[in-house]
Amino acid sequence: MSKYFSPEVETASREELDKLQTERLIEQVKHVYDNVPLYRERMDKLKVKPEDIKSLDDLKKLPFTSKQDLRDTYPYGMFAVPMSEVTRIQASSGTTGKQIVVGYTDDDLDVWDTCCARQLVAAGATKEDKVHVSYGYGLFTGGLGLHGGSHKLGCTTIPVSSGNTARQLTIMKDFGSDVLGCTPSYAMYLGESAAKAGIDTSKLPLRIGIFGAEPWTEEMRRNIEKSLNIKAYDIYGLTEICGPGVAYECAEQKGMHVNEDHFIIEIIDPETGEPKPDGEKGEIVFSCLTKKAFPLLRFRTKDIGIITHEKCACGRTFVRMSKPLGRVDDMLIVRGVNLFPSQIEAVLLGMNHSPNYQIIVDRSGSLDSIEVDIEMNEEHFSDKTSDITKMERELENEFKSALGITPKVKLVSPDTIPRSEGKAVRVVDKRKVYEDK
Ligand code: ADP
Ligand code: ZN
């Protein structure tokens, strides 16, 4: 069994990779210019023609793409092939309203599967293994992403999806799962639940975990490795680029290799947009080289990271990115759901409540809790306690249907939310999800 799923590309020389990326970039820019009105308009405005893109260095001539662009063109405005060629749709995790809708051709799905298969092989999985997928299935990319990789490698795929922890543990034990894929916080929860149920994880076949879709620390890794008695690997991705498998960790566990035959990574200064060199922290930006249905150029992820082209002891030559070290914006990931404070604000305004609020996120054991404290306006303030409790429940229900998660709501007296320099502090995240760097 090879150490690599795609040995020729995963260990290609930098010159070979540059050549491949250049050829693919030139072709991709033509494809988007011809088929996506937004890119054609932006490039025309910048007076850049597809013919002007001749080398990787020319990438910086191209316009950036933002999440807002995807919202503005919702649902299909960024699709670059006729709908008859789109064989799958997925959407960003999270909430109602304007999700980000992405599409794949059959070839795009094959690329995605390949990227996830590379992760499995890098983590030491083989076709003999049973891969237990506890990422959510459905529009969220986690489940079907790892599922596709497992199928591609020829493993026995167990498509459990998320939830029902007791059943997960029974399946793990009785079916003999070798590899587990889920969010790191759920892996922690499974570990705790196994201990509570008196399951000795050292007696289970399980030996590999593929965890991603949310930030996690080295401390969490050690915790999961111990409680589930496995080796835990980090996998990174985002719906806009393809889902999980944009970058994957090898056995060295010193950063994640970016699948460079399909994606170009850049680190930029989030203020100026200028590219940054290896080793410097900045915003992570991706361009898709081969995707045909939803091919984004220079997509700004808002994740902060560092890259290195240094040689990796595993033999892979793909550039490595650090774990995301934070966000440029104020997006939170709570129980796997992406959440922006502006969504909380919209609900409050819609219900005629004060927009003075504070979100407090915490984690006890492996479970995220979220509380929203809201200042009452004068008229509510004079209400009876029972009315206030009723209002709190109403708000909780409203958040549930608007956000997909239910925070605990606390109505507090006017002017009690702390303000720093006169500005209210909107988010207090007590969890430590990012490493300090
Ligand atoms: P998914 O949750 O399926 O990966 P989303 O598009 O919903 O995709 O969310 C993508 C975001 O999730 C990324 O921009 C990043 O902030 C976060 N994320 C994904 N994988 C990781 C990871 N391994 N470590 C830290 N953050 C991650
Ligand atoms: Zn490596």
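Whatever order the structure lists them in is the order used to number ligands and atoms, beginning at 1. Source: prediction; values computed, not measured.
- Side chains of S150 and T157: a donor-acceptor N/O pair is present below 3.5 angstrom, by distance only.
- For ligand 1, the atoms closer than 4.0 angstrom to any heavy atom of L238 are 6 (O), 8 (O), 10 (C).
- The pair K19-E15 does not meet the salt-bridge criterion, since no charged nitrogen lies less than 4.0 angstrom from a carboxylate oxygen.
- Under 3.5 Å, the side chains of Y135 and T141 contain no donor-acceptor pair of N or O atoms.
- Dense packing is recorded around NZ of K61, with more than 12 heavy atoms of other residues, nucleotides or ligands lying under 6.0 Å away.
- Annotation for ligand 1: atoms under 4.0 Å from non-hydrogen atoms of Y236 are 20 (N), 21 (C), 23 (N).
- Taking every heavy atom of I235 and a limit of under 4.0 angstrom, the matching atoms of ligand 1 come to 20 (N), 22 (C), 23 (N).
- Considering backbone and side-chain N/O atoms, S92 never comes within less than 3.5 Å of an N/O atom of ligand 1.
- Every side chain to side chain contact (heavy atoms under 4.5 Å, CB included) that T272 has, sequence neighbours left out, goes to D269, E274.
- With 3.5 Å as the limit, one finds a donor-acceptor pair spanning the side chains of D72 and Q68.
- Between P244 and ligand 1, no pair of N/O atoms sits closer than 3.5 Å.
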Which atom pairs, one a donor and one an acceptor, fall under 3.5 Å between side chains of residues 113-122 and the rest of the protein, sequence neighbours left out?
residue : atom : partner : partner atom : Å
T114    : OG1  : D110    : O            : 2.8
R118    : NE   : S6      : OG           : 2.9
R118    : NH1  : N259    : OD1          : 2.6
R118    : NH1  : D261    : OD1          : 3.0
R118    : NH1  : D261    : OD2          : 3.4
R118    : NH2  : S6      : OG           : 3.3
R118    : NH2  : D261    : OD2          : 2.8
Q119    : NE2  : E249    : O            : 3.1

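- Remark: distances from the non-hydrogen atoms of I333 to ligand 1 include one below 4.0 Å.
- By the 4.0 Å heavy-atom criterion, E214 is counted among the residues contacting ligand 1.
- Two residues are said to be in side-chain contact when any heavy atoms from C-beta on lie closer than 4.5 Å; K231 and Q253 meet this criterion.
- Residue F140 has at least one heavy-atom neighbour below 4.0 Å for each of these atoms of ligand 1: 1 (P), 2 (O), 3 (O).
- Counting only protein atoms, the N, O or S atoms lying less than 2.8 Å from the Zn ion (ligand 2) are C250 SG, H257 NE2, C312 SG, C314 SG, ordered by chain and residue number.
- Classification of R316 and E10 as a salt-bridged pair holds, one side-chain N sitting under 4.0 Å from a carboxylate O.
- Considering backbone and side-chain N/O atoms, T141 comes within less than 3.5 Å of an N/O atom of ligand 1.
- Taking CZ of F263 as the reference point, atom OG1 of T290 lies at 6.0 Å (rounded to 0.5 Å).
- Checked for salt-bridge contact, D303 and R327 meet the test: a charged N lies under 4.0 Å from a carboxylate O.
- Listed by number with element, the atoms of ligand 1 under 4.0 angstrom from any heavy atom of R327 are 14 (O), 16 (O).
- Here is the list of ligand 1 atoms found below 4.0 Å of a heavy atom in D303: 13 (C), 14 (O), 15 (C), 16 (O).
- Residue-ligand proximity, G237 to ligand 1, at heavy-atom distances under 4.0 Å covers atoms 4 (O), 10 (C), 13 (C), 19 (C), 20 (N).
- Both the backbone and the side chain of T239 come within contact range of ligand 1, each with a heavy atom under 4.0 Å.
- W216 and F211 have perpendicular rings, their planes meeting at more than 60° on a 0 to 90° scale where under 30° would count as parallel.
- In summary, the atoms of ligand 1 found under 4.0 Å from a heavy atom of P215, numbered by their order in the structure, are 24 (N), 25 (C), 26 (N).
- Of the candidates A213, G145, G212, the one placing a heavy atom closest to atom 12 (O) of ligand 1 is A213.
- Here H151 pairs with nothing under the ring pair (Phe, Tyr, Trp, His ring centres under 6.0 Å) rule; sequence neighbours left out.
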